[in-house]
S.K.: 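I'd like to ask some things about the structure below.
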Amino acid sequence: MLRVAMVDVPHVAHQATGRARMRRAPKAPRRFLANVCAGLGGCELRRLLRSCGRPPRSALRVSRRRARPQLGRRLAREGFHLSPSPLSADGFFINVQETLSCQAPLLGHSLMHHSGEVYGQEATSTLPIESLRAVAEQTFGDQPLCVLDLCAAPGSKASQVASQLHIDLLVANEPQKTRAALLQANLLRAGVSEALILSMDGTRIGAIMPNAFDVVLVDAPCSGEGNIRKDPSAWDRWAHNDHPQQLQSRLNLQKDLMSSGWQALRPGGLLVYSTCTLNHEENERQCCQLQEQGAQVVRLDEQLVPSTPEGFLRVWPHWLDVEGFFVACFYKETTHVDPAAQMDCLSLGKMGFRRLKTSEVAGLQERVLQELHFSLPPGIPVMDKEEDVFLLTKRLPLLQKLLPHTLLPGIRLLSKQQISKELRLVAGGNLSSEEWLDLYKSAGGGLGASSLSLKSAVDAPTAWKAFQEMKQQRLEPDIVSYNTLLNAFAKDSDGAGAQEVFNEMTDVSVTPGVVSFSVLIEAHARAGHRKAAEQAFRIMQELGLQPNEVTYTALLRARLLSGDLLGAEDLQNELNVVGYTLLIDAYARVGNVEKAEAAVDALSMNAAPNLATYTALMKAYSRAHQLQGAEDWNPTQLPM
Ligand SMILES: C[S@@+](CC[C@H](N)C(=O)[O-])C[C@H]1O[C@@H](n2cnc3c(N)ncnc32)[C@H](O)[C@@H]1O
């Protein structure tokens with residue numbers, strides 16, 4: 001097995017790293033136990049639950065494209081000690097040495113991360129590509145592959161494909177624009193010049209590009225309960241009443257993504273389906289449906305983990321002290337032809353692209369070599385459009401069909417005659433951590449990544465910490481970052497904290513918008529600061545910003561919580577369902593059935609009351625001892 005540049009990696013025993021510490025085993029909801037763990041015996045179930053209480057194990061993967069000598073030693077110097085992962089030749093667990101005096105270092109802040117030598121990737125997440133590697137070798141031999149990663153952001157598996165497989169085109173798709181920008185930056189950082197980033201609904205790609213790719217990856221959005229160690233709330237959704245509906249819509253999306261991927265796969269190609277969830281519906285059952293479309297299961301290599309009777313890989317967290325994961329691989333018979341729609345071939349010329357002359361390309365190659373010590377891959381079309389010059393890909397016919405959905409038509413080489421930041425990032429070189437970070441940020445990585453960690457922060461202190469880290473990395477927070485942070489303070493009912501964030505926002509000349517004001521008012525309302533909420537509302541109007549339903553609902557909360565029902569009633573015509581429900585609840589508290597009923601009627605004229613609205617109304621009847629009124633409501637009218 002190849003271990004790139006890692007011969008000097010010191011192995012550190014687990015116990016030395018504080019892993020023995022264990023959280024209490026999480027309490028699994030009954031429905032989860034019955035559905036997911038039905039096949040596990042009592043002893044195994046206990047081991048699973050105990051293992052799910054352990055802290056997650058950080059891991060990284062070494063990039064074969066980027067790794068330079070002495071990587072293990074350099075990582076160790078920064079406090080990252082590695083031990084090999086049993087699941088990937090290039091994977092390692094990170095054992096951070098904790099000291100009393102300093103904070104644990106973060107891999108994301110290290111030069112090795114910025115320069116793409118390593119990618120922070122969980123051990124089990126390397127499994128799909130690791131298992132694909134062996135099958136691809138048998139199926140395609142040395143042939144360079146054309147790979148589609150249908151759900152690619154943030155890019156751990158896409159960059160692993162580029163590191164471990166022989167490719168000449170990697171089409172990586174992510175519908176959310178911020179995540180797509182992050183995906184692009186991560187692939188550039190990993191030195192991948194053969195990638196094309198798409199940003200569209202993956203369920204549509206099969207119809208646009210039928211029978212086109214040698215390999216398709218469907219790393220589907222899923223319930224994520226295999227990640228319980230990272231996200232202790234991952235099982236909670238099984239206890240919620242709306243879980244069946246949520247699960248169903250997830251299943252529909254997964255099924256559509258799989259079908260689209262199957263359609264995009266060429267006969268003789270391989271499709272890999274993976275999730276980080278443990279339930280059968282999202283795993284085995286989805287695979288069954290693909291088999292019904294003619295997919296043949298390829299039994300996955302038993303060397304990494306034992307396969308299921310069907311030939312899939314299912315990793316339980318307690319087996320290897322890792323996160324849970326599922327992987328399946330399918331082969332498309334060479335005789336299988338999808339009723340593929342014939343595609344119109346767009347003409348690059350018509351889209352304003354011009355192919356550079358051989359002499360122009362030679363001049364450009366010379367310049368890139370001199371300035372960046374980087375050789376542009378040979379035989380790849382170089383085209384310009386307006387003031388930009390792009391390196392496209394070898395598979396130009398494929399590219400043409402996808403162009404309308406791409407972030408960029410390829411790697412931008414020049415922008416207004418200057419070497420582009422994207423090319424600098426992909427070319428690598430001897431840069432300082434700051435220089436790397438600047439390039440990464442300008443390619444869409446920095447801010448996108450930080451916004452994501454801000455968004456996923458569970459409370460205000462965590463969001464504040466992520467925000468400060470963002471600034472330490474010299475990323476300038478934008479209005480979205482500030483609004484996300486304000487939101488975290490509002491959720492924590494911390495009006496003073498939200499006001500501080502708001503003040504800083506204006507100090508650094510980020511102009512607050514309607515959302516910022518609405519969230520600030522909400523934070524003051526929840527904190528019981530009526531005066532401050534009213535003042536923010538006034539300032540917003542003075543600035544000419546038009547309050548919306550969310551603003552009025554926040555103000556209503558402030559008035560209600562200060563006991564001003566009359567003031568709250570003034571806002572009645574401006575409210576959304578949440579606002580009306582708050583008002584009805586306030587009427588219920590004082591037993592005013594008449595007004596509560598009138599408010600439900602008024603709401604029904606514009607929007608559908610929800611369960612909370614009716615619950616508030618029932619409360620009004622109950623307070624007023626009008627049981628007949630409650631019985632008159634037909635429960636079948638309630639929204640489900
Ligand atoms: C499990 S994550 C993918 C992780 C990624 N493969 C990696 O290894 O870094 C699933 C991704 O699917 C994306 N997604 C959600 N709906 C989608 C759709 N309709 N088409 C394609 N991707 C979708 C999500 O935004 C998310 O980024």
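Both counts, for ligands and for their atoms, begin at 1 and track the order of listing. Note that the numbering runs from 1 along the sequence shown for the chain.
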S.K.: Are Y482 and F467, when compared by the centres of their aromatic rings, separated by less than 6.0 Å?
M.R.: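 Yes, the ring centres sit under 6.0 Å apart.
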S.K.: Can D90 and R61 be counted as an ion pair, charged N to O under 4.0 angstrom?
M.R.: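 Result for this pair is no, no salt bridge flagged.
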S.K.: With the threshold set at 4.0 Å, does a side-chain nitrogen-carboxylate oxygen contact exist between R66 and E117?
M.R.: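 Looking at E117 together with R66, the answer is no, because their closest N to O distance does not fall below 4.0 Å.
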S.K.: Can you give each donor-acceptor pair under 3.5 Å made by side-chain atoms of residues 180-191, sequence neighbours left out, with the distance rounded to 0.1 Å?
M.R.:
{"unit_1": "N186", "atom_1": "OD1", "unit_2": "R189", "atom_2": "NE", "d": "3.2"}
{"unit_1": "N186", "atom_1": "OD1", "unit_2": "R189", "atom_2": "NH2", "d": "2.9"}
{"unit_1": "N186", "atom_1": "OD1", "unit_2": "Y440", "atom_2": "OH", "d": "2.6"}
{"unit_1": "N186", "atom_1": "ND2", "unit_2": "Y119", "atom_2": "OH", "d": "3.4"}
{"unit_1": "N186", "atom_1": "ND2", "unit_2": "P154", "atom_2": "O", "d": "3.0"}
{"unit_1": "R189", "atom_1": "NH1", "unit_2": "H113", "atom_2": "O", "d": "2.5"}

S.K.: Where's the contact between L257 and ligand 1, heavy-atom distance under 4.0 Å: side chain, backbone, both or neither?
M.R.: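 It is the side chain that touches ligand 1; the backbone stays farther off.
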S.K.: Looking only at distances, can you tell me whether any N or O atom of G202, backbone or side chain, sits closer than 3.5 Å to an N or O atom of ligand 1?
M.R.: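 N/O-N/O distance below 3.5 Å exists for this pair.
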S.K.: Before accepting this row, confirm whether a basic side-chain N of the pair E310/R299 lies closer than 4.0 Å to the acidic partner's carboxylate O.
M.R.: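 Salt bridge: no.
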S.K.: Nearest protein heavy atom to atom 10 (C) of ligand 1, by residue and atom, and its distance?
M.R.: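 Result: D219 O, 3.6 Å.
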S.K.: Look at ligand 1 and say whether C222 reaches it with a heavy atom at a distance under 4.0 Å.
M.R.: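 No heavy atom of C222 comes that close to ligand 1.
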S.K.: Regarding ligand 1, does S156 bring an N or O atom to under 3.5 Å of one of the ligand's N or O atoms?
M.R.: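 The answer is yes, given that S156 and ligand 1 share an N or O pair closer than 3.5 Å.
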S.K.: Counting only heavy atoms closer than 4.0 Å, does ligand 1 sit against the backbone of A152, its side chain, both, or neither?
M.R.: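 The backbone, only.
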S.K.: What part of C276, side chain from CB on, backbone N/CA/C/O, both or neither, has a heavy atom under 4.0 Å from ligand 1?
M.R.: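 None of C276 does.
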S.K.: Starting from the C-alpha separation in whole Å, work towards a yes-or-no answer on ring pair (Phe, Tyr, Trp, His ring centres under 6.0 Å) for Y273 and F330.
M.R.: CA-CA 8 Å; Y273 176 74; F330 300 93; 7.7 Å; no
S.K.: Nearest non-hydrogen atom to atom 17 (C) of ligand 1 belongs to which of G261, P175, S274, A172?
M.R.: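 The residue whose heavy atom sits nearest atom 17 (C) of ligand 1 is P175.
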S.K.: K157 to ligand 1: N or O pair under 3.5 Å?
M.R.: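 Yes, there is a polar N/O contact under 3.5 Å.
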